Amino acid sequence: MALDQPHQAPSTASVFFERREFQRILNLYGRMVSAGEWRDYAIDAQAEACSFSVFRKATEAPLYRIEKRPALAQRQGAWSVIGQGGVILKRGHDLEQVLRVFDKGRFKVVD
């Protein structure tokens, strides 16, 4: 009798960031932390999308969510930046283009 059960792959794989994408998001996060605007983050990977949420404080709702949803890649673009309340600030096919919404001078976080 064999005690080892063969490993079965999960029926649905999670979507996650590729290394290059994740590095670009972390570079942005580091820049915003050093500017004093962001303080914490969370990562969520699900079957249909993954998101990188940023917080001013860990106890608050996220300020922004950077989301990758591959099912929308052929339509509106797989990438989106979502603000508080679920408002989509920017959506597109290219991560660099979508992250331009955080360029200096575009907008400012108001307390």
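If you read the sequence from its start, that first residue is 1, and numbering goes on from there. Quick caveat: nothing in here was measured; it's all calculated off a predicted structure.
In this view, Arg24 and Glu96 satisfy the salt bridge (charged side-chain N to carboxylate O under 4.0 Å, His left out) rule, not counting sequence neighbours. With sequence neighbours left out, Gln23 forms a side-chain contact (heavy atoms from CB on, under 4.5 Å) with Asn27. Checked against side chain to side chain donor-acceptor pair (under 3.5 Å), Asp94 has no partners two or more places apart in sequence or in another chain.
Between Leu99 atom CG and Lys90 atom NZ the span is 10.5 Å, to the nearest 0.5 Å. To the nearest 0.5 Å, atom CD of residue Glu60 and atom CZ of residue Arg39 are 9.5 Å apart.
Using bins of under 30°, 30° to 60° and over 60° for the plane-to-plane angle, the ring pair Phe52/Phe17 lands in the perpendicular bin.
Note: the hydrophobic cluster containing Ile25 also contains Ile43 (ILVMFWY, side chain heavy atoms under 4.5 Å, direct or indirect links).
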Legend entry - Residues Tyr29, Val54; criterion side-chain contact (heavy atoms from CB on, under 4.5 Å); working and verdict: CA-CA 8 Å; Tyr29 176 75; Val54 294; 4.0 Å; yes

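Close placement of the Tyr64 and Phe102 rings is indicated, their centers lying within 6.0 Å of each other.
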I'd like a table of donor-acceptor pairs (distance under 3.5 Å, sequence neighbours excluded) in which one partner is a side-chain atom from residues 66-73, with atom names and distances.
unit_1 : atom_1 : unit_2 : atom_2 : d
Glu67  : OE1    : Arg69  : NE     : 3.2
Glu67  : OE1    : Arg69  : NH2    : 3.4
Lys68  : NZ     : Phe16  : O      : 3.4
Lys68  : NZ     : Glu21  : OE1    : 3.0

Using distance only, find each side-chain donor-acceptor pair of residues 74-89 under 3.5 Å and give its atom names and separation, not counting sequence neighbours.
unit_1 : atom_1 : unit_2 : atom_2 : d
Gln76  : OE1    : Arg91  : NH1    : 2.7

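The nearest pair of heavy atoms linking Pro62 to Ser53 is CB-CB, 3.9 Å.
More than 12 heavy-atom neighbours from other residues, nucleotides or ligands sit within 6.0 angstrom of CZ on Phe22.
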